[in-house]
Amino acid sequence: MHYIIALIIGAFSLGMAELTIMPILVPMAESLQISIPVAGHIVAAYPGGIVVGVTFIALFGRGWDRRHILLIASLFILIGNLGATFAQNYYEMLIARFVCGLPDGVFFATAAVVANALAAPG
């Protein structure tokens, strides 16, 4: 049961990281002293991270233990969100959002497999 709770917390964290940027886009642009269209790049960095993260794990992660994949993804979630929290300029925020996106697809795909294995009878 504790695995399911951990997966729920991870999914919630990724959802928050992905979606909460939109309502704060204008204040964030003002805080970073950039235009709103340029701030849109920060939003787009997240799906860019998703594409790179999923591609990397598809190419290199086949033999990895799923628990290790989830732990590494969780570490990237933490690093990316801390980076975004403390970003002082446009480039720091852009990199942090990219790092936030890296584990997104990897986490959800791996968590679905793990949850399915946990729910299987036997």
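Everything numeric in this text was worked out from a predicted model, so none of it was measured.
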Out of curiosity, Leu7 CG to Phe12 CZ, how far, rounded to the nearest 0.5 Å?
15.5 Å
Please tell me whether Ile36 and Ile21 are part of a single hydrophobic cluster in this structure, the criterion being side-chain heavy atoms less than 4.5 Å apart.
yes
Distance check, rounded to the nearest 0.5 Å: His41 atom NE2 versus Leu94 atom CG?
8.5 Å
Answer whether the closest heavy-atom distance between the side chains of Val106 and Phe56 falls below 4.5 Å.
no
Tightest non-hydrogen contact, residues Ala73 and Pro103, listed as O-CB, 3.4 Å
So which atom in Leu25 and which in Gly40 form the shortest heavy-atom distance, rounded to 0.1 Å?
CD1-N, 4.4 Å
Spatial distance of atom OG (Ser31) from atom OH (Tyr90) [nearest 0.5 Å]:
15.0 Å
Got a donor-acceptor contact below 3.5 angstrom from the Ser74 side chain to the Leu70 backbone?
yes
Do Arg97 side-chain atoms and Ala17 backbone N/O form a donor-acceptor pair below 3.5 Å?
yes
Does Leu59 share a hydrophobic cluster with Val52, counting links as ILVMFWY side-chain heavy atoms below 4.5 Å and allowing steps through other members?
no
To the nearest 0.5 Å, tell me how far Glu18 CD sits from Ile50 CD1.
5.0 Å
Point-to-point distance, once rounded to the nearest 0.5 Å, from SG of Cys100 to CE of Met93
9.0 Å
How many angstroms lie between atom CD1 of Ile79 and atom CG of Leu102, to the nearest 0.5 angstrom?
10.0 Å
Answer whether the closest heavy-atom distance between the side chains of Leu32 and Ile42 falls below 4.5 Å.
yes
For residues Ile69 and Thr110, report the shortest heavy-atom separation together with the two atoms involved.
CG2-OG1, 3.6 Å
Please examine the side chains of Val54 and Phe108, heavy atoms only from C-beta on, and report whether any two atoms are closer than 4.5 Å.
no
So, for Ala96 and Gly83, which heavy atoms are closest and what is the spacing to 0.1 Å?
CB-C, 3.5 Å
Is there a path of hydrophobic side-chain contacts, each under 4.5 Å between heavy atoms of I/L/V/M/F/W/Y residues, joining Tyr91 to Val43?
yes
Under 3.5 Å donor-acceptor, Asn81 side chain and Ile77 backbone:
yes
Whether over 12 other heavy atoms sit under 6.0 Å from Phe76 CZ:
no
Quick check: is Phe86 connected to Phe98 through a chain of hydrophobic side chains (ILVMFWY, heavy atoms under 4.5 Å apart)?
no
Is it possible for you to say whether Ile34 and Met22 belong to one hydrophobic cluster, with membership spreading through side-chain heavy-atom contacts below 4.5 Å?
yes
Working note: Tyr46 + Leu14, criterion side chain to side chain contact (heavy atoms under 4.5 Å, CB included); need CA distance, chi angles, decisive distance, verdict.
CA-CA 11 Å; Tyr46 193 94; Leu14 285 170; 3.7 Å; yes
